Amino acid sequence: MTTVSHPQSGQPTPRSTPPARLDLRAATSGGIFEYAPAPESVRPEIAEQYGLFINGSFVDPAGGKRFATINPATEQTLSMVAEASPSDVDAAVKAARDALPAWSALPAKERGKYLYRIARRLQERARELAVLETLDGGKPIKESRDVDIPLAAAHFFYHAGWADKLHYATPGRTPRPVGVCGQIIPWNFPLLMASWKIAPALACGNTVVLKPAETTSLTALRLAEICAEVGLPRGVVNIVTGAGTTGSAIVNHPGIDKIAFTGSTPVGRKIAEAVAPTNKKLTLELGGKSANIIFEDASLDQAIEGIIEGIYFNQGHVCCAGSRLFVQESILDRVISKLGDRMASLRVGDPMDKNTDVGAINSKEQLSTINSFLEAGDREGAVRHDVCRSDLPASGYWCKPCFYTGVQPSHTIAREEIFGPVLAVMSFRTPDEAISRANNSPYGLAAGVWTDKGSKIFDVAKHLDAGIVWLNTYNKFDPTSPFGGFKESGFGREGGRHGLTAYLNTD
Ligand code: NAD
């Protein structure tokens, strides 16, 4: 393994000294940027155990099985969560089916009112939800507070507005609900993914059975409480917790009309096979290996922030993470030097500290996956830059953010989704080369383009195989904007007018 460390980490660096400017590494180690701890003080109530939310009430799982949900920053058990068996899934689907006629026949503006109420309750309970998300998932509190929860509420507000305007979404056609929707979500944005799924389904007059990921069930269960609080009719939203077998029971249930899945490409493939011989509608939001392309005329300091935001946000547990960085050859050394400086100031550690930039890895399994990619990167000859200086807590699952140079397109770390804080840096000479290298991936979820030239922005963007292209920014999300991929990143869109069509029949 070849490792390049930067000066403040105590080892020599072969790179030239950066031009005179404020040395962030020296500043942070010298004390002028030292932060006092700023721990979040709210501790929401967490029950010792949770049931399944079926037909408007929490019920015990039929098989009586529960599993622990833990805080990945401390490895301590937060609660015991119910494991839904096929018979529980059956009960949830029946509840959703029974609720469907009345819910879909409700005047649309009345449906919209329920969505507004849920959105407002999410806002009112925002702090509690943010803390819960951070405790259960390991993401920094500033991200759950400023991104996850506000966006979750925004999705309900946005879709509340659509409920009585659906005919504008399908001009010339009569929109009808699809029916009972089975929705399966991952652990990286638990409440936000639940909101992405539930809000449009309900606005369009469908009922749902949703399964959160097994490591992050708690905020979905709080959302179930909120549905009950706002008086949502029984059975319209059902939340069943469990792992892959519970998800599979939803996918294979004959009473389901549509499957909406967000998760990994291998599981998406299995679901596509299971659904293919049926009449179920399907949308798949899968993995990615997105390209962030920096041209020599880009505003470099801004681009460096975009690189950081692109790959280290949420510990890199982001489907559209800018995990492949393509830098124009003429500025490669400057970008690497600036990136090293900036990363030295990233604070990794206690997710409940409001100053933390990078929190805990979501699970032991995910940490071991990331470590196996780091081993592959080292073994295959890329150069790892370990520039982060934070001391890591003694317990919990941690991975310091790092980046690799000397990466070949054939390297594992350049091809496969790592879903962790690991960046592969590569270079290009011309716009055409940038496009062909960016498109050289089985995935097609997102991309970023950084340049001062408007014409280059539009020319490059239109040639990229990516469902989302950010221009001079990265990882910006909005409920009005459709999100989804091409190729092995899946099909179907969530958000915006396009996202509604996945929940409507129009023929
Ligand atoms: P995963 O595929 O392992 O699990 C996702 C969900 O599917 C979980 O709830 C899991 O319990 C369930 N599941 C597992 N096996 C199943 C089966 N056989 N049948 C039905 N359900 C099953 O993915 P993950 O590790 O939870 O999430 C990470 C992945 O999700 C990454 O690949 C990431 O890129 C992707 N993701 C995509 C988007 C997007 O919008 N494209 C958004 C977030 C995450």
Side-chain angles (χ1 to χ4, degrees), residues 67 69 72 81 83-84 86 89 137 139 147-148 151 155 182-197 209-217 220 239-253 256 259-275 280 282-290 311 313-323 361-370 373 416-420 441-446 466-468 475 477 479 481-495 499 502:
F67 59 93
T69 189
V81 174
E83 184 182 322
V89 169
K139 63 174 66 197
V147 182
D148 291 64
L151 269 178
H155 272 268
Q183 307 183 316
I184 301 167
I185 57 171
W187 42 260
N188 56 342
F189 293 94
L191 184 68
L192 181 57
M193 288 295 118
S195 305
W196 274 32
K197 296 261 180 288
V209 176
L210 176 128
K211 190 194 87 63
E214 50 272 41
T215 56
T216 52
S217 306
I239 295 187
V240 291
T241 45
T245 46
T246 306
S248 181
I250 295 175
V251 169
N252 291 303
H253 197 290
I256 295 268
I259 295 291
F261 173 76
T262 299
S264 63
T265 296
V267 173
R269 215 173 265 134
K270 280 191 207 164
I271 291 176
E273 278 172 25
V275 167
K280 290 172 192 164
L282 177 65
T283 42
L284 295 175
E285 300 278 0
L286 308 177
K289 190 75 186 172
S290 300
I311 182 64
F313 169 59
N314 198 27
Q315 296 74 247
H317 302 329
V318 182
C319 50
C320 48
S323 52
I361 298 302
N362 182 268
S363 66
K364 196 174 181 177
E365 292 69 32
Q366 186 59 23
L367 180 58
S368 114
T369 303
I370 296 169
F373 280 113
E416 295 189 24
E417 183 183 46
I418 300 174
F419 223 54
S441 166
Y443 295 108
L445 190 53
I468 307 108
N475 269 344
F477 307 99
S481 177
F483 187 96
F486 294 117
K487 305 198 283 190
E488 291 190 18
S489 294
F491 51 80
R493 294 292 176 265
E494 290 188 325

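Whatever order the structure lists them in is the order used to number ligands and atoms, beginning at 1. Just so it is clear, the model here is predicted, and its values are computed rather than measured.
- Annotation: the span from L445 atom CG to I468 atom CD1 amounts to 4.5 Å, rounded to 0.5 Å.
- Checked against side-chain contact (heavy atoms from CB on, under 4.5 Å), T283 has the following partners two or more places apart in sequence or in another chain: K258, A260, A502.
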CA sep, side-chain torsions, deciding dist, call: F483, W196, ring-ring contact (aromatic ring centres under 6.0 Å, His included): CA-CA 10 Å; F483 187 96; W196 274 32; 5.1 Å; yes

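- For K270, the NZ atom sits in a loose shell: 12 or fewer heavy atoms of surrounding residues, nucleotides or ligands are nearer than 6.0 Å.
- Side-chain contact between P212 and T241 is present, with heavy atoms from C-beta onward closer than 4.5 Å.
- Under the side-chain contact (heavy atoms from CB on, under 4.5 Å) rule, I184 has a single partner from T262, V267, V251, which is V251.
- Within 4.0 Å of ligand 1, heavy atoms belong to protein residues I184, I185, P186, W187, N188, K211, P212, A213, E214, A243, G244, G247, S248, F261, T262, G263, S264, V267, I271, E285, L286, G287, C319, E417, F419, L445, F483.
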